[in-house]
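Indexing begins at 1, ligand by ligand and atom by atom, following the structure's order. Positions are given from 1, in the same order as the sequence printed here.
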Amino acid sequence: MSVLLQPLSDPLLTQKGVTLSVLREDLLHPGIPGNKWRKMKYNLQAAQEQGCKTLVTFGGAFSNHIAAVAAAGQEFGFATIGYIRGEETLPLNPTLQFATNCGMQLRYLSRSDYRLRNEPHFQAEILKIAPKPYLLPEGGTNPLAVKGCTEIVTELTERWDVLCVAAGTGGTLAGIIAGALGKGHILGFPALKGGEFLQKDVTDLVQAYSGQTYQNWELQTGYHFGGYAKHKSELLTFIQDFHAQHGILLDPVYTGKMLYGVFDLIKQDYFLEGTRLIAVHTGGQQGWVGYAQRYGLDWPKL
Ligand SMILES: *Cc1c(COP(=O)(O)O)cnc(C)c1O
């Protein structure tokens, strides 16, 4: 059995006759947790092969992706430049302080400039001022990221029926769908309000990577808790109870919402008796320090 697959025991699971294991992708790599490592692996290889020296990317001030790129740069010997949405706020929040400590150079973009981040013109300007740059898009989603995320599934040796994963840009979900090759059923839980847009984005990402369209997946758009990084005490209580019961710390932006949703669907008899579920823990715990500060929480003690 994969060391990263942790079966849960819970009276609800027994009562409903389903099994649920958490795939601990958050423990995959010591410095670069979860799906961000999967998404960067082949990009770092490509950057090395192309002789690039600087990883350039974009993100919000609390972004797991920014933290991961900074850590990867430090570990693999790239300079890193992070373009951050919005104005500089001092002291730096814990995410940006971490990124700085890893050697990342931070540059701030006004919200209107930030909207140009995917424009070729704007990117060309940005790349001009970086030595031998390799560009990673916001959230790190590109075809090589999708390729890396296929391995979440292809490395799984256990049998499963339903695989559940949180979604931001949908790159991780797309990789899982592509890696599953039409087998099983995959549920994506958008962390953003209005996550229906991911239906097309994910379809396009899967198509661009594999040339295939699969039907064995769906979005569960009802578990965003008001929107990206929005705070709700009901969600926090769930995350605390989950931690107390299973010893697994979920994050408040992605995996907490996803597992809340999984348990809610189980309660509603969404899954047939005998269904073997896997929930992918994509990491994100680095976000807790800043999140707890922002909302004045005294939990978790990290
Ligand atoms: C970035 C992130 C996601 C979302 O990944 P996408 O590939 O953008 O959908 C999910 N969970 C965690 C913890 C993340 O940091």
Pi-cation contact, Tyr254 with Lys36 (under 6.0 Å, within 45°): yes

Nearest-neighbour protein heavy atom for [atom], which is reported as residue plus atom name and distance:
atom: atom 11 (N) of ligand 1; result: Thr282 OG1, 2.7 Å
atom: atom 14 (C) of ligand 1; result: Lys36 NZ, 2.9 Å
atom: atom 4 (C) of ligand 1; result: Gly168 N, 3.4 Å
atom: atom 3 (C) of ligand 1; result: Asn35 ND2, 3.3 Å
atom: atom 13 (C) of ligand 1; result: Gly283 O, 3.2 Å

What do you reckon, does [X] have a nitrogen or oxygen under 3.5 Å from a nitrogen or oxygen of ligand 1?
X: Tyr254; result: no
X: Asp251; result: no
X: Thr169; result: yes

Is [X] reaching over with its side chain to a backbone N or O of [Y], donor-acceptor style, under 3.5 angstrom?
X: Trp288; Y: Leu250; result: yes
X: Asn216; Y: Lys183; result: yes
X: Gln212; Y: Gln207; result: no

Which of the numbered atoms in ligand 1 are under 4.0 angstrom from any heavy atom belonging to [X]?
X: Gly284; answer: 13 (C)
X: Ala167; answer: 9 (O)
X: Lys39; answer: 5 (O), 6 (P), 7 (O), 8 (O)

Is there a heavy atom of [X] sitting under 4.0 angstrom from any atom of ligand 1?
X: Gly170; value: yes
X: Gly34; value: no
X: Leu173; value: no
X: His281; value: no

Option from Thr154, Val146, Ile152, Thr150 for which side chain to side chain contact (heavy atoms under 4.5 Å, CB included) with Ile176 holds: Ile152

Donor on one side chain, acceptor on other, Glu234 and Tyr260, under 3.5 Å: yes

Residues Thr282 and Glu25: side-chain donor-acceptor under 3.5 angstrom: no

Qualifying side chain to side chain donor-acceptor pair (under 3.5 Å) pairs with a residue from residues 162-179, counting only residues at least two apart or across chains: Asn35-Thr172, Thr141-Thr169

